[in-house]
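Remarks on the structure that follows.
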Amino acid sequence: MDYRRTTIKDILAKTPGERVEAYGWVKTKRDSKGVSFVQLNDGSCFTDLQVVIEAGTLPDEDLKRVSTGACVMFAGELVESPAAGQAVELRGETITIYGEADPASYPLQKKGASFEFLREIAHLRVRGNTFGAVMRVRNRASYAVHRFFQERGFNWIHTPIITASDCEGAGAMFAVSTLLEAEPTPEGTQFRLKDTDPANDFFGKPAYLTVSGQLNVETHALGLTNVYTFGPTFRAENSNTPRHLAEFWMIEPEMAFCDIEGDMNLAEEFVREVIGDVLDHCGPDLDFFNKRIEPELLQTLEHVVNSGFERLTYTEAIKLLEASGENFEFPCDWGSDLQSEHERWLTEKKIGRPVIVTDYPKEIKAFYMYGNDDGQTVRAMDVLVPRIGELIGGSQREDRLDVLESRIVELGLPLEAYWWYLDLRRFGSAPHSGFGLGFERLVMYLTGMKNIRDVIPFHRTPGQADF
Ligand code: 4AD
Ligand code: MG
């Protein structure tokens with residue numbers, strides 16, 4: 001056996017008359033007069049291969065073992081299919097059964113099982129239509145991300161996952177420590193704190209899982225010019241929403257000699273190109289999402305590829321929100337952060353397409369953003385898209401040493417901890433900008449899936465780290 005084997009995707013593209021071997025998992029089996037029909041799928045494409053088995057061809061005891069979830073290989077002749085929607089089908093002549101799936105206990109039986117239920121069997125759900133399609137789209141989008149940057153000469157930088165600095169200054173980080181020892185007891189695992197002094201910990205100081213690779217990747221932009229990261233990030237906020245994960249993947253480009261305008265241009269070009277690539281390569285999967293999950297998906301995605309993003313300042317956005325006449329749950333006066341409901345009203349109801357909001361009040365943004373001359377706002381930019389809200393957060397970075405230092409002090413952050421970050425401003429400082437795109441939010445946007453838990457193989461959220 002070898003991975004270089006004909007997949008069901010290959011088989012469906014062949015002409016009738018060829019003999020093939022089709023490996024996969026049984027989606028359904030249906031028996032009618034003198035003939036059985038098996039829908040077989042191996043995840044190589046959305047469409048199943050129909051296998052037709054005439055009575056008497058295969059031993060009855062073999063055919064009985066073929067049920068939903070079973071893993072099998074059918075060999076036989078590919079013939080023209082009389083059924084609508086498929087050019088060919090396989091006439092099953094021999095069968096190899098690798099693994100049965102007892103119908104009495106196989107959990108993935110019912111069509112139309114809820115997504116909530118499928119999360120409980122996340123180890124099996126990828127065999128179904130929806131999650132197979134999600135994972136293929138996720139894969140293609142990852143490839144498109146790398147392709148986009150590689151074609152433009154950006155270097156992929158592998159920033160560390162364990163870090164001693166809190167990039168966003170938000171204080172919602174997972175500690176990484178060996179001071180906490182796990183002790184198995186008859187009642188289950190218990191934790192024991194060996195020591196409380198970070199100086200005695202593994203790294204000799206407090207360490208965390210990264211919330212963003214930005215500070216690290218800025219160092220490489222100021223040497224390699226155009227760089228990006230694409231990796232997992234972690235946030236310990238206790239936010240149980242359809243848009244937040246405790247572990248998610250983020251893409252963070254960073255560019256020297258680039259201001260906020262250039263940053264917005266890149267964000268827009270990037271999102272439009274990745275969507276275009278997925279539209280070009282995941283047709284059958286997107287057709288499924290359009291039919292079953294989000295009725296206007298294709299229309300929206302094509303519209304985004306073909307039209308520019310709206311741009312407005314935070315101050316303009318607040319004016320629009322105040323004049324909206326909507327009854328928002330949270331206030332939206334100048335100085336308060338835009339909540340998800342505000343973001344969605346702007347992009348969905350008011351503008352009707354992606355919108356970039358810039359120049360936020362400095363109090364609601366991170367310490368590293370470039371201060372505008374008004375002394376009130378910073379060169380931040382958030383990309384908001386319909387159905388999702390915030391897809392991207394980015395900014396031009398503060399590259400003036402004195403301004404950055406006083407901002408760190410003003411916010412009560414430890415100046416010493418940022419010595420290397422400040423060195424970038426001390427030696428050969430340059431205007432530079434970047435942003436972070438939450439990859440799962442992009443996959444939600446591409447598929448129309450409503451819950452971020454359903455676009456990652458195994459989600460990590462408060463109270464959930466199974467599998
Ligand atoms: O806006 P954020 O917090 O920005 C940063 O981390 C910057 N350091 C990025 C940069 O400038 N290099 O996060 C960026 C994006 C958000 O716009 C959102 O799409 C996503 O990351 N995101 C999350 N996605 C899933 N679950 C969460 N808990 C997320 N928090 C942020
Ligand atoms: Mg943000």
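Quick caveat, the model's predicted, so the values are computed rather than measured.
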Legend entry - Residues R397 and D259 bridged, charged N to O under 4.0 Å: no
Inset, instruction - Check whether any side-chain heavy atom of I97 sits under 4.5 Å from a side-chain heavy atom of I95, and report yes or no. - result: yes
Inset, instruction - Flag the pair E181 / F191 as yes when at least one side-chain heavy-atom distance between them is below 4.5 Å, and no otherwise. - result: no
Legend entry - Whether F46 and F288 hold their rings parallel, tilted or perpendicular, with breakpoints at 30° and 60°: tilted
Legend entry - Exercise: do E254 and Y228 side chains pair donor with acceptor under 3.5 Å: no
Legend entry - Cation-pi geometry met for R353 and F309 (6.0 Å, 45°): no
Inset, instruction - Assert yes or no for the condition that the ring centre distance of H432 to F257 is strictly below 6.0 Å. - result: no
Legend entry - W25 vs L40 side-chain heavy atoms within contact, under 4.5 Å: no
Inset, instruction - Report, as yes or no, whether the 6.0 Å neighbourhood of atom CG on D2 holds more than 12 heavy atoms from other residues, nucleotides or ligands. - result: yes
Inset, instruction - Identify which one of L90, V20, T94, T96 satisfies the side chain to side chain contact (heavy atoms under 4.5 Å, CB included) criterion when paired with F74. - result: L90
Legend entry - Ionic contact status for R379 with D359, cut-off 4.0 Å: no
Legend entry - Presence of salt bridge, E268 and R272, under 4.0 angstrom: yes
Legend entry - Ring centres under 6.0 angstrom apart (F230, H146): yes
Legend entry - Steps toward side chain to side chain contact (heavy atoms under 4.5 Å, CB included) verdict (F148, L266): CA-CA 11 Å; F148 177 89; L266 181 84; 3.9 Å; yes
Legend entry - Residues E348, R387: salt bridge by 4.0 Å N-O rule: no
Inset, instruction - Quick one: do K350 and E326 satisfy salt bridge (charged side-chain N to carboxylate O under 4.0 Å, His left out)? Show the steps, please. - result: CA-CA 11 Å; K350 183 66 192 170; E326 295 275 329; over 6 Å; no
Inset, instruction - Report the relative orientation of the aromatic rings in F174 and F234; use parallel for angles under 30°, tilted for 30 to 60°, perpendicular for over 60°. - result: perpendicular
Legend entry - D287: partners by salt bridge (Lys or Arg N to Asp or Glu O under 4.0 Å), with sequence neighbours left out: none
Legend entry - Any side-chain heavy-atom pair of R119 and Q464 under 4.5 Å: no
Legend entry - M1 and Y23, any side-chain heavy atoms less than 4.5 Å apart: yes
Inset, instruction - Give a yes or no on whether F202 atom CZ has more than 12 heavy-atom contacts from other residues, nucleotides or ligands under 6.0 Å away. - result: no
Legend entry - Student check: side-chain heavy atoms of F248 and T233 closer than 4.5 Å: yes
Inset, instruction - Determine yes or no for a side-chain-to-main-chain donor-acceptor pair under 3.5 angstrom, with S67 supplying the side chain and A101 the backbone. - result: yes
Legend entry - Distance flag, aromatic centroids of F115 and F131, threshold under 6.0 Å: yes
Inset, instruction - Return yes when atom CZ of F117 has more than 12 non-hydrogen atoms of other residues, nucleotides or ligands closer than 6.0 Å, and no otherwise. - result: yes
Legend entry - Pair R19 + E93, salt bridge at N-O below 4.0 Å: yes
Inset, instruction - Could you tell me how the ring of F149 sits relative to the ring of F154: parallel (under 30°), tilted (30 to 60°) or perpendicular (over 60°)? - result: tilted
